[in-house]
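Input: a single structure, listed below in structure tokens.
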Amino acid sequence: MSFQPVKFYQTGTFTVGNRLLAAEERSVQANMRRTNSINSGHRACQGCGEALGARYAIDAAMEATGKRLIAANATGCLEVFSTPYPETSWQVPWIHSLFGNTAAVATGIAAAMRVKGRSDIRVVAQGGDGGTTDIGFGCLSGMFERNDDVLYLCYDNGAYMNTGVQRSSATPAAARTATTMAVGEPPGNVFGQGKDLPAIAMAHGIPYVATATVAELRDLEAKVRRAMEFRGARYLHIFVPCPLGWGHAAHDTIRIARLAKETGVFPVFEAERGEVVSVSKIRRQLPVEEYLRPQKRFAHLFGKAPRADLIARIQEIADRNIRRYGLVDG
Amino acid sequence: MRKPFAITLDPGSSLANHTGTWRTSRPVYVDRLPPCNHACPAGENIQGWLYHAESGDYEAAWRLLTQDNPLPAVMGRVCYHPCETSCNRAHLDAAVGINSVERFLGDEAIRHGWRLTAPAPASGKRVLVVGAGPSGLSAAYHLARLGHAVSIHEAGPVAGGMMRFGIPKYRLPREVLEAEVRRIVGLGVELRLNAKVSDIRETMRAGAFDAAFLAVGAHIAKRAYIPAGSAAKILDALSVLRSMEGADKPLLGRRVVVYGGGNTAIDVARTAKRLGAEEAIIVYRRTREKMPAHDFEVEEALQEGVLIRWLSTIRQAAASSITVEKMVLDADGSPQPTGEFETLAADSVVLALGQDVDLSLIDGVPGLEVKDGVVRVGPDMMTGSAGIFAGGDMVPAERTVTVAVGHGKKAARHIDAWLRGARYAPPPRHEPATFERLNPWYYADAPKTVRPVLDVVRRQSTFDEVVNGLDETNALYEARRCLSCGNCFECDNCYGVCPDNAVIKLGPGKRFQFNYDYCKGCGICVAECPCGAIKMIPEEI
Ligand SMILES: Cc1ncc(C[n+]2csc(CCOP(=O)(O)OP(=O)(O)O)c2C)c(N)n1
Ligand code: SF4
Ligand SMILES: [Mg+2]
């Protein structure tokens with residue numbers, strides 16, 4: 001019997017690069033000639049997860065399309081920190097829209113390209129969780145329904161960060177924001193509300209829906225590449241920690257994203273035409289406390305009067321994700 | 001220039017905005033000292049040579065290794081690898097099999113006939129090395145590479161010292177030792193055999209040597225007083241092991257008792273088994289935990305059928321039996337007699353109670369100080385007599401081949417400096433790369449490749465090597481298990497994870513640089529560096 005010899009690399013494929021890998025197996029971010037879509041000098045906070053996630057995604061999209069790409073951008077931190085008019089960090093064709101209409105703007109760009117016979121030029125729309133799940137939701141659902149040829153990238157930092165951390169429909173239960181203070185019962189954001197946008201996108205039956213985090217670069221890049229193999233509406237939901245809004249150390253951005261995945265708080269998967277086709281398994285499972293504790297937005301669950309009951313409810317949410325997506329083997 | 005309402009910037013790239021000014025602390029690249037390198041008595045740059053081996057460049061790995069140690073094939077067989085004991089990978093799964101990779105490199109070098117780097121231009125100085133054991137050979141090698149004319153005077157008929165006369169063949173095949181010695185001699189080192197130095201000052205004067213390195217080893221077996229009948233056969237471990245090198249193998253009989261608890265005791269007992277003894281019993285005063293022999297060797301001996309009687313001393317020996325007394329450990333852990341005796345059948349008793357140094361060659365040298373049977377040396381390995389250095393088993397230290405090799409290297413550097421009228425100052429040590437400095441998330445799971453061990457029955461009766469080597473795939477796999485503690489291995493993590501693109505990738509082999517114009521000092525690169533090669537330092541304001 002013949003078998004496939006197992007390749008072993010010093011660090012597997014978890015690191016950004018690996019000198020022992022063949023060039024074609026290396027990540028886009030490891031390449032000295034990556035686009036650097038968002039250039040240095042942008043005004044994002046120290047350790048911004050959104051700046052990182054957007055560069056990862058757009059650099060990968062540039063690579064996948066042979067640099068034939070136009071990006072539409074909703075108002076939000078990403079737009080504000082990258083383009084204090086008329087200065088810009090973007091090194092890709094980029095257009096600013098309003099807070100709520102970026103899906104519609106992208107649809108228009110795609111239509112224009114079709115009319116001009118330039119369907120080789122691909123279009124992405126990008127926005128924060130507020131712009132996506134709340135105010136821009138109507139435009140986005142329409143874009144899905146019409147199956148417009150756009151990849152929509154949602155950078156989920158769980159609140160309206162740009163205007164001072166107000167709750168969005170992607171804010172997790174129990175999190176403190178400016179509009180869900182750590183008072184009352186339960187303190188912080190309510191349980192049982194909010195929108196699961198990847199699931200809603202899947203319900204539209206569009207060609208491709210996936211989730212990713214800034215802690216898994218190779219997975220994120222593979223998903224952008226896969227998304228670009230489809231025509232029609234595609235949705236990629238990227239989990240991007242926010243040191244300022246979440247109250248964690250700036251150097252912990254990637255660690256927090258990793259913990260969200262390893263605890264099951266944020267399920268990482270891929271779906272085609274409404275069906276889950278692959279999941280990124282949990283490698284070393286951890287209880288949700290590990291994820292919650294380093295973030296000040298959850299500080300009221302710990303401290304002098306710890307809320308084991310609320311932590312248990314968050315654990316239930318994570319366990320449900322784990323069951324639903326099969327994040328743990330066995 | 002007049003700008004429109006509410007506009008303060010000029011059109012252009014954000015590169016105009018130097019966000020580096022936000023920073024209160026800055027990341028800097030560092031090299032930290034990996035625990036393996038720190039633990040290596042020969043001062044090898046283990047992490048460094050594993051790095052080359054990982055990419056399959058075994059010759060480059062071997063070249064870096066031999067900058068510190070000329071005997072990798074020997075080391076890969078006889079070293080007790082303190083590097084592995086301290087390896088950070090043990091916190092993840094199991095330590096990297098450093099010793100087996102070293103052996104693989106050593107064997108590759110012999111197989112391919114790789115040659116050592118040619119010496120520096122001749123210095124015109126002459127150095128005498130007394131003794132061709134591990135320490136003497138190591139010193140000779142390093143001195144020759146520094147351009148000095150070296151002559152080794154060896155009392156025995158062949159080179160190798162304890163590697164030849166103290167370590168059995170099943171642990172170190174002689175072809176391997178000879179190949180590595182030949183390579184050192186090939187550098188132009190003179191090797192004089194059967195040339196015992198009886199008066200160091202006389203030999204130095206006669207040969208016009210500018211300095212000397214003494215490494216005569218410890219070859220005189222310690223004896224213990226055991227009342228014995230005239231028919232009792234009492235031998236010492238060293239002469240048993242030494243006679244294994246000659247044509248006539250020692251006659252030990254069917255039941256052999258070995259007295260002692262060190263590695264030599266184990267070596268002799270295992271040798272007796274191979275010579276056909278039905279019983280080889282080690283009698284030792286204390287318990288297994290207190291035994292100075294290395295545990296893995298005790299384990300291998302037990303597997304081969306060697307028996308051990310713990311907490312026993314030999315009180316008397318007769319022609320075919322011995323009397324042992326049982327001992328108990330007192331509160332301080334010292335063995336105390338119990339008055340309980342027992343008789344064991346024994347055709348011979350081999351004493352393995354340690355060795356003394358033959359110091360006759362330094363008799364009467366002024367300034368040279370001897371204490372507890374060994375020669376005192378300074379931190380520069382120089383004895384009290386200027387220009388005479390010493391190392392290996394004849395100075396106070398742990399007596400292992402690797403420590404001896406380390407002494408040889410250290411002494412060579414100080415001798416070289418001394419010959420130039422200077423002092424050798426070792427480069428400052430890097431701070432340690434402890435496990436807490438690493439981000440182990442990035443390392444894939446990979447258990448250690450265990451070296452194949454000769455089938456027990458075969459090794460009981462032959463002197464074939466007990467532990468076999470790794471093949472190429474295994475060795476590569478093993479090398480790649482290294483975490484590269486404290487030293488950048490160009491995984492591109494810092495380059496990838498910086499939200500501000502403030503890391504400049506300089507290209508393969510050139511590592512990275514920070515662009516402090518834009519680095520905001522978030523520290524993600526530090527947190528996500530797998531191997532702990534970046535640190536944060538406060539910004540001077
Ligand atoms: C119609 C409209 N309402 C409100 C705003 C103010 N506003 C700008 S960005 C933003 C919040 C953005 O939140 P999100 O989309 O989650 O992006 P983030 O800043 O968190 O990345 C708000 C409320 C606006 N620009 N337009
Ligand atoms: S992992 Fe590599 S560098 Fe670290 S201690 Fe082990 S062998 Fe040395
Ligand atoms: Mg947001």
Side-chain angles (χ1 to χ4, degrees), chain A residues 5-6 8-20 26-32 34 36-56 81-91 214-215 217 243 249-255 258 262 283-284, chain B residues 6-19 22-23 54-56 439 441-446 473 476-477 479-484 489-502 504-509 515 517-528 530 536:
Chain A
V6 179
F8 178 75
Y9 298 106
Q10 183 177 36
T11 59
T13 46
F14 300 113
T15 49
V16 167
N18 189 330
R19 71 188 171 106
L20 304 172
R26 297 187 188 176
S27 70
V28 175
Q29 285 304 310
N31 195 325
M32 289 168 78
R34 69 186 188 202
N36 268 342
S37 320
I38 311 177
N39 213 347
S40 307
H42 64 69
R43 289 156 161 84
C45 306
Q46 293 174 318
C48 175
E50 192 168 73
L52 187 59
R55 193 189 76 225
Y56 281 178
F81 72 63
S82 63
T83 51
Y85 182 81
E87 186 183 285
T88 184
S89 305
W90 292 97
Q91 311 209 76
V214 283
L217 168 71
H251 62 249
D252 270 343
T253 297
I254 290 180
R255 183 169 84 97
R258 187 153 58 226
E262 294 295 291
R283 188 164 160 234
R284 308 207 198 290
Chain B
I7 300 297
T8 53
L9 300 167
D10 293 318
S13 158
S14 63
L15 290 176
N17 185 31
H18 285 189
T19 50
W22 302 12
R23 202 171 53 232
E54 278 155 32
S55 57
N439 186 338
W441 169 262
Y442 289 101
Y443 300 105
D445 313 286
T473 352
L476 187 67
Y477 173 89
R480 288 179 176 187
R481 294 182 63 246
C482 172
L483 311 178
S484 192
F489 60 98
E490 298 185 26
C491 73
D492 294 327
N493 254 21
C494 51
Y495 181 60
V497 301
C498 175
D500 293 278
N501 314 328
I504 302 164
K505 178 168 169 167
L506 299 172
N515 185 344
D517 282 349
Y518 301 107
C519 165
K520 294 172 185 160
C522 69
I524 294 186
C525 53
V526 179
E528 300 303 322
M536 232 38 205

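The sequence lines fix the lettering, A, B, ..., with proteins before strands; numbering per chain opens at 1.
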Could you tell me whether a side-chain N or O of [X] sits under 3.5 Å from a main-chain N or O of [Y], the two making a donor and an acceptor?
X: N501(B); Y: I38(A); answer: yes
X: K505(B); Y: A30(A); answer: yes
X: Y495(B); Y: N31(A); answer: yes
X: S40(A); Y: L15(B); answer: no

Point-to-point distance, once rounded to the nearest 0.5 Å, from [atom1] of [X] to [atom2] of [Y]:
X: R258(A); Y: N439(B); atom1: CZ; atom2: CG; answer: 5.0 Å
X: Q46(A); Y: D500(B); atom1: CD; atom2: CG; answer: 9.0 Å
X: S14(B); Y: Q91(A); atom1: OG; atom2: CD; answer: 7.5 Å
X: N17(B); Y: N39(A); atom1: CG; atom2: CG; answer: 11.5 Å
X: C491(B); Y: R19(A); atom1: SG; atom2: CZ; answer: 11.0 Å
X: F489(B); Y: L20(A); atom1: CZ; atom2: CG; answer: 9.0 Å

Please classify the contact of [X] with chain A as side chain, backbone, both or neither, using a heavy-atom distance under 4.5 Å.
X: C494(B); result: neither
X: V526(B); result: neither
X: I504(B); result: neither

* Exercise: identify the closest heavy-atom pair between I7(B) and Y85(A) ->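 Heavy atoms of I7(B) and Y85(A) come nearest at CD1-CD2, 3.4 Å.
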* To do: Provide the closest heavy-atom pair for A51(A) versus P499(B) in the form atom of the first, atom of the second, distance.
  =>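 So the minimum-distance heavy-atom pair works out to CB-O, 4.1 Å.
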* Steps toward side-chain contact (heavy atoms from CB on, under 4.5 Å) verdict (E87(A), D10(B)) -> CA-CA 7 Å; E87(A) 186 183 285; D10(B) 293 318; over 6 Å; no
* **Residue selection (most heavy-atom pairs with chain A, distance under 4.5 Å) from A16(B), G496(B), C519(B), S55(B)** =>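 Of the options given, most contacts go to G496(B).
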* Identify which part of I254(A) has an atom lying under 4.5 Å from any heavy atom of chain B, answering side chain, backbone, both or neither. =>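 Both backbone and side chain.
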* To do: Report the C-alpha separation of R43(A) and K520(B) in whole Å, then their side-chain angles, then the decisive distance to 0.1 Å, and conclude whether the side-chain contact (heavy atoms from CB on, under 4.5 Å) test is met.
  => CA-CA 10 Å; R43(A) 289 156 161 84; K520(B) 294 172 185 160; 5.9 Å; no
* Asked: What do the steps show when you test D445(B) against R283(A) for side-chain contact (heavy atoms from CB on, under 4.5 Å), and what is the final call?
  -> CA-CA 11 Å; D445(B) 313 286; R283(A) 188 164 160 234; 4.2 Å; yes
* Between W441(B) and R255(A), is there a cation-pi geometry (under 6.0 Å to ring centre, at most 45° from the normal)? ->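 No - R255(A) does not lie over the ring of W441(B) by the 6.0 Å and 45° rule.
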* Contact check, side chains of T15(A) and Y443(B), non-hydrogen atoms, under 4.5 Å ->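 Side-chain contact under 4.5 Å: no.
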